[in-house]
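In this chain, residues are counted from 1 in sequence order.
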Amino acid sequence: MATYVWDIKGRYKEKMNTESRGDRAIFGGGQTPDNVNIIEYVNIKSTGDSTDFGDLSAARSRGGSASSNVRVFFHGGNAPGNVNIIENVTSSNLGNTADWGDLTAVKGYNGGASNNIRGLSLGGSTDPNYLNVIDYYSLASTGNAADFGNLSQQVTDRYGMASPTRCLATGGYDGGPSGPSMTKNIDYVEIATLGNASDFGNLLSNKRGCMGATASPTRAVQGGGYAPPNNVNVIEYVTIGTTGNSTDFGDLSVTRRGLSAPGSDTRGVFASGHDGSNALDVIDYITIASTGDAADFGDLKIIRNDPGSTSNNIRGVVCGGSDPSASNHIEYLTLATIGNGTDFGDLNYSNAGQAAASGSHGGVQ
């Protein structure tokens with residue numbers, strides 16, 4: 001999945017890709033501050049430091065990722081030039097990535113999403129151009145990506161999320177004729193059917209990156225983020241199987257960006273963030289099937305913003321982040337209960353700006 005922090009152009013810059021299967025979370029690539037080719041993993045069900053998994057084919061950042069129950073995929077990115085590589089690892093076996101195929105174009109800043117059959121690459125950029133291309137590839141067999149269709153906009157920094165049948169692509173930077181601007185557009189595609197994206201509706205405001213997002217199989221929820229000129233505390237949701245504009249869910253306890261959101265199929269948890277002055281250790285939670293303001297869950301052990309997170313529907317893992325220096329700390333939350341973060345172990349490298357998706361999170365249960 002796309003992974004962003006601010007860069008000097010005012011866009012978001014990808015640090016690191018993270019994916020998981022039911023019992024193992026895998027982190028690939030990133031910047032520390034140079035691009036790296038390292039893959040490492042942790043066992044979500046236990047605790048301990050991350051372990052070396054193998055290497056990517058090249059050091060790079062700003063790519064996308066997808067997962068099935070047994071494989072993790074990395075697509076596109078920057079090495080430092082944009083690339084069209086698709087590669088994978090089998091999450092149960094240690095080793096370097098293997099070549100899977102190529103995207104239809106070289107691109108960075110592309111979003112990623114998947115069900116357990118297809119991986120999708122959403123938009124992206126080939127400097128100085130923004131792209132509306134959607135690529136797809138099979139998660140079961142090797143081969144190059146094929147054209148799926150087009151997004152409704154030429155857009156980069158777009159966030160992707162999926163249920164077993166449908167992928168939503170939200171917000172980001174629109175590269176329209178008047179120049180880059182943030183968008184509140186939501187597109188969707190039916191993952192099993194090729195074709196151009198259809199209009200789903202709109203977010204409540206123009207937003208990009210750093211939005212905590214989580215889902216159940218029926219509802220996608222986003223909280224916080226940056227909607228110029230201010231950070232926001234708004235939580236909003238859509239029903240994935242229908243179309244329509246995002247609806248107000250409630251508010252986070254603290255206005256902030258740079259937060260992460262592990263979740264189960266019933267509960268969304270919003271961890272950490274930055275209020276514009278300071279990094280935070282705040283953890284809020286919501287019940288996804290209802291609406292209302294977030295309630296206090298507890299506190300992280302480490303104050304930070306821009307951490308990564310993933311889950312296996314039982315336990316959420318929060319890793320890295322910065323305050324302001326990058327951290328290698330990993331802690332976990334038991335999603336069904338409330339309480340403070342518990343020490344899990346350490347990443348091999350300090351990193352910040354990670355975002356995560358999982359083949360076993362609440363949205364695909």
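For the 3.5 Å distance criterion, the side chains of Glu236 and Thr247 fail to qualify, holding no donor opposite an acceptor. With 3.5 Å as the limit, one finds no donor-acceptor pair spanning the side chains of Thr165 and Glu190. Between the side chains of Asp135 and Thr104, at least one donor N or O sits under 3.5 Å from an acceptor N or O. Counted by atom type alone, Ser272 and Asn305 present zero donor-acceptor pairs between their side chains at under 3.5 Å. Side chain to side chain, Asp187 and Ser152 meet the donor-acceptor criterion of an N or O pair below 3.5 Å.
Under a hydrophobic clustering in which Ile, Leu, Val, Met, Phe, Trp and Tyr are joined whenever their side-chain heavy atoms come within less than 4.5 Å, directly or via other members, Tyr136 and Leu122 fall into the same cluster. Leu300 and Val269 fall within the same hydrophobic cluster, defined by Ile, Leu, Val, Met, Phe, Trp and Tyr side-chain heavy atoms under 4.5 Å apart, directly or through other members. Connection of Ile314 to Leu333 is not established within any shared hydrophobic cluster, with ILVMFWY side chains joined at heavy-atom distances below 4.5 Å, either directly or through further cluster members. Under the 4.5 Å side-chain heavy-atom criterion for grouping Ile, Leu, Val, Met, Phe, Trp and Tyr, Val238 is connected to Leu203 within one hydrophobic cluster.
Tested against Glu331, the residues Ile302, Thr342, Asn340 include a single side-chain contact (heavy atoms from CB on, under 4.5 Å) partner, Ile302. Of the candidates Asn196, Leu151, Ile134, Val189 forms a side-chain contact (heavy atoms from CB on, under 4.5 Å) with just one, namely Ile134.
Side chain of Thr287 to backbone of Ser290: no donor-acceptor contact under 3.5 angstrom is found. Looking only at distances, a side-chain donor or acceptor of Arg267 sits under 3.5 Å from a matching main-chain atom of Leu335. No donor-acceptor pair under 3.5 Å is formed between the side chain of Thr239 and the backbone N or O of Thr242. Of the possible polar contacts, one joining the Ser264 side chain to the Thr266 backbone as a donor-acceptor pair under 3.5 Å is found.
Remark: Arg257 fails to qualify as a cation-pi partner of Tyr226 under the 6.0 Å distance and 45° angle criteria applied to the six-membered ring.
Ring geometry for Tyr130 versus Tyr173: interplanar angle of 30 to 60°, hence tilted.
Asp251 contributes atom CG, which lies 11.0 Å from atom CZ of Phe249 (distance to the nearest 0.5 angstrom).
For the pair Gln154 and Val133, the minimum side-chain heavy-atom distance is 4.5 Å or more.
Considering every non-hydrogen atom in both Lys207 and Val234, the closest pair reads NZ-O, 4.3 Å. The heavy-atom pair separating Phe270 from Ala261 by the smallest distance is CD2-CB, 3.9 Å.
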Could you walk me through whether Arg256 and Asp284 pass the salt bridge (Lys or Arg N to Asp or Glu O under 4.0 Å) check?
CA-CA 12 Å; Arg256 64 198 195 266; Asp284 294 343; 3.3 Å; yes
Asp174 and Ser181: side chain to side chain donor-acceptor pair (under 3.5 Å), yes or no, with the steps?
CA-CA 5 Å; Asp174 174 20; Ser181 61; 4.6 Å; no
Might you work through the side-chain contact (heavy atoms from CB on, under 4.5 Å) test for Val155 and Asn132, ending with a clear yes or no?
CA-CA 6 Å; Val155 67; Asn132 64 356; over 6 Å; no
